[in-house]
Amino acid sequence: MCLARQKTNRVLEQNSWPLSGRSHTGWLEQWRRIQNRSRRAAAESFEQFCINLTNEKLQQHFNQHVFKMEQEEYTKEEIDWSYIQFVDNQEILDLIEKKPGGIIALLDETCMLRNSTHETFAEKLYQKFKDNPHFSKPKFSRSDFTIHHYAGNVTYQTDLFLDKNIDYAVNEHQILLNASKCYFVSSLFPPCEESTKSSKFSSIGTSFKQQLQSLLETLSATEPHYIRCIKPNNVLKPAIFENSNVLQQLRCGGVLEAIRISCLGYPTRRTFFEFINRFGILQPKVLGQSHDEVIATKVLLGKANLAGYQIGKTKVFLRAGQMAELDALRTEVLALSAKKIQTKVRSFSARKKYIQMQISATQLQAVCRGTITRWWYENLRREAASLKIQTCYRKHHARTTYRDICFASTTIQSGLRGMAARHKLHSHRQTNAAVIIQSHCRCYLAQSQYARLMKATIISQCAWRGRVARRELRELKMAAKETGALQAAKSKLEKEVEELTWRLQLEKRIRADMEEAKSQENKKLQLQLQDLQMQFNSTKELLQREKEATKAAAALVPENCVDASLVSELTTENKRLEALVVSLETKNQEMKQKFEETDEIRDEWCKKATDAESQINDLKITMHSLQEKLTSTEAENHVLQQQAMKTRPENMPLLNMHRKSSLANGSLPGDEQTPHGSSMEYGRTSHIERHHESVEALINCVVENVGFSEAKPVAAITIYKCLLHWRTFEAEKNKCF
């Protein structure tokens, strides 16, 4: 389908108007907005040409409609009127759409020729309309032309007029697409008319002119109403009003011309009822039902002293400005009436307010007098009540004071008696406490003396063991270079660990056997104890029964009839039973002592076993540390050998001498050890570690060039501190210095 036809149909769809009804309120403004956009362009195309043609048609319809309405109104009311002149744009419409000889007809004729161009079309236009006052040719263009429209001059470019005017759509295709089941597709391609099918050539301009003609026929058959929309500014912002732009829009839209036509006649018209209803207050007499509407209207107009008006059958027609004079008179009459009404209303409101104030004053006086009387009566009641309250309060206060004095005296007496009893109890407790403190003090003195003796003994033992340990340490220091000594110590410790492990297992077995034996003995002793307890209880019960039986027999038999032999037997039997009870109690005590002794022996064995386990654990830890130190000494020896190979030959004798002296020295500050073997071994390993670290630092200072620090020789100070730490100056041999 042709591009020109698509664009034209899109413009018509976007700017469609309602074709029926009494109010068509938006179509003219849409065309006016399009017209304003067309004026801002320098040169327009074929689409704008069609739009401007529509504008001209609509403007002609608007002028004819307004003039026709005025003419019909005047004729209907039968008033004297004269013909009103208005601007007619029929010549411009003839220039565009006259057939033959119009621009559209020349365009169709040019499109039917094969070799025609837009320049050929422009030349035809120049030759055809060179004498037309509404057509002109621009000075600096070959193919453009200008039309003097009703709203202004518009220049068109004919470059694409021919292409856009030709309708390339095939009728068969339109029929096929119109038969589509899709509503949207079928609406895009309406059914073709018979004339269009029979013609060989169809153009966009001709079809557009036919559609426009049908639109105008529809508008003529209805009663249209016009709404003018004015754009206040071109920047599309609020509170901006451009006078020149608005005036141009009014002029282009034909508003000024419509106002001029209306002002030439009678712009203001009212029916008799409306006129009398609005302006009847100027002459209230005419509002009665006895007067005719026409007579009443004439009376009102005569009252206003107006001239030049016309009275029709149903309406009164006024000239411009006469309605304003009538409104001014009406406003003046309303103002006078309002003043009278305000006077009456204000007097009525003042009188009403005075009466209300008088009534309120009377009510207020009555309320005040009643309030004063009630207040006086309330004071009398308060005085009587206060006398009664004072009497009752004084009675209550006297009774409460008496009770408080009695309670206080009783409390003081009980407190004094209690204090005396507490003093007595305190002195008794103090005496008992002094006795207890003396006993504890004497016990503490004996215990502290014993503790001092034990501490002195332990210190002497520790000193002797420390001396022995230091002697052994010196021997170990002499053998520290050789790894064989460490290996021997390791093997010795392993043997000791194995021996102690074996001993621990053996002790565990013995301990288990002893616990089993003790448990069996405890069970036997418990059984024996239970048997003895049962015998004791049975004997006791038997003795009690015999005593009761004896008492009963003695009670039954008279005193003079008692047999002496029987009494002696009973007494001996009682003694025997008492001796048996005492022996059983002694046996019970002995069994308890044995049981406690066995418990003490078992606790001692448990302590010995735990001590053995702790010694084994200490030996294992010592052996592990010795293994670590052995590996570290081997690594250090390897490093020392490598460093010694690199050092100069003259440094070797001094190094060996320092190492020998360091190993031959006495004990270090950490030589004092505890008497336990595990602590001694741990101190020995830590001392060996510190010794190797000192030797390594000394070798680094001798081999490397460490220089000076704060004007002091680093190597000399390090060697001096190492020798001072090894106590070389305290030994007898210090040949190195």
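- Within the 4.5 Å cutoff, the side chain of L219 has heavy atoms near those of the L58 side chain.
- With respect to K315 and E274, no salt bridge is recorded, no charged nitrogen being found less than 4.0 Å from a carboxylate O.
- In summary, R269 and E77 do not engage in a salt bridge, as defined by a charged side-chain N under 4.0 Å from a carboxylate O.
- Within the 4.5 Å cutoff, the side chain of I147 has no heavy atoms near those of the N153 side chain.
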With side-chain contact (heavy atoms from CB on, under 4.5 Å) as the test, would you mind laying out the steps for D292 and F272 before giving the verdict? CA-CA 10 Å; D292 189 10; F272 295 136; over 6 Å; no
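- The aromatic rings of H397 and Y393 sit parallel, their planes meeting at an angle under 30°, below the 60° perpendicular limit.
- Remark: of the listed residues I295, V294, L300, L301, V294 is the sole one forming a side-chain contact (heavy atoms from CB on, under 4.5 Å) with K298.
- The closest donor-acceptor contact from the side chain of S180 to the backbone of L176 lies at 3.5 Å or more, if one exists at all.
- Between R278 and D327, at least one side-chain nitrogen of the basic residue sits less than 4.0 Å from a carboxylate oxygen of the acidic one, meeting the salt-bridge criterion.
- Here the closest non-hydrogen pair linking A122 and T158 is CB-OG1, 4.2 Å.
- Counting only heavy atoms from C-beta outward, the side chains of F49 and V154 never approach each other to under 4.5 Å.
- Although no hydrogens or angles enter the test, the distance criterion places no donor-acceptor pair under 3.5 Å between the side chain of T206 and the main chain of S203.
- Of all non-hydrogen atoms in P138 and S136, the two that sit nearest each other are CD-O, 4.0 Å.
- Applying the ring-ring contact (aromatic ring centres under 6.0 Å, His included) rule to F135 yields the partners F129, F145; only residues at least two apart in sequence or on another chain are considered.
- Taking each heavy atom of K137 and S141 in turn, the nearest pair found is CE-O, 3.5 Å.
- Between N165 and F46 there is a side-chain heavy-atom pair separated by less than 4.5 Å.
- E91 CD: 12 or fewer foreign heavy atoms inside a 6.0 Å radius.
- Side chain of E383 to main chain of L380: no donor-acceptor pair is present (N/O by atom type, distance under 3.5 Å, no hydrogens or angles).
- With 3.5 Å as the limit, one finds no donor-acceptor pair spanning the side chains of Y150 and N55.
- Residues satisfying the salt bridge (Lys or Arg N to Asp or Glu O under 4.0 Å) test with K339, not counting sequence neighbours, are none.
- Counting only heavy atoms from C-beta outward, the side chains of H149 and I96 approach each other to under 4.5 Å.
- More than 12 heavy atoms of other residues, nucleotides or ligands sit less than 6.0 Å from atom CD of Q90.
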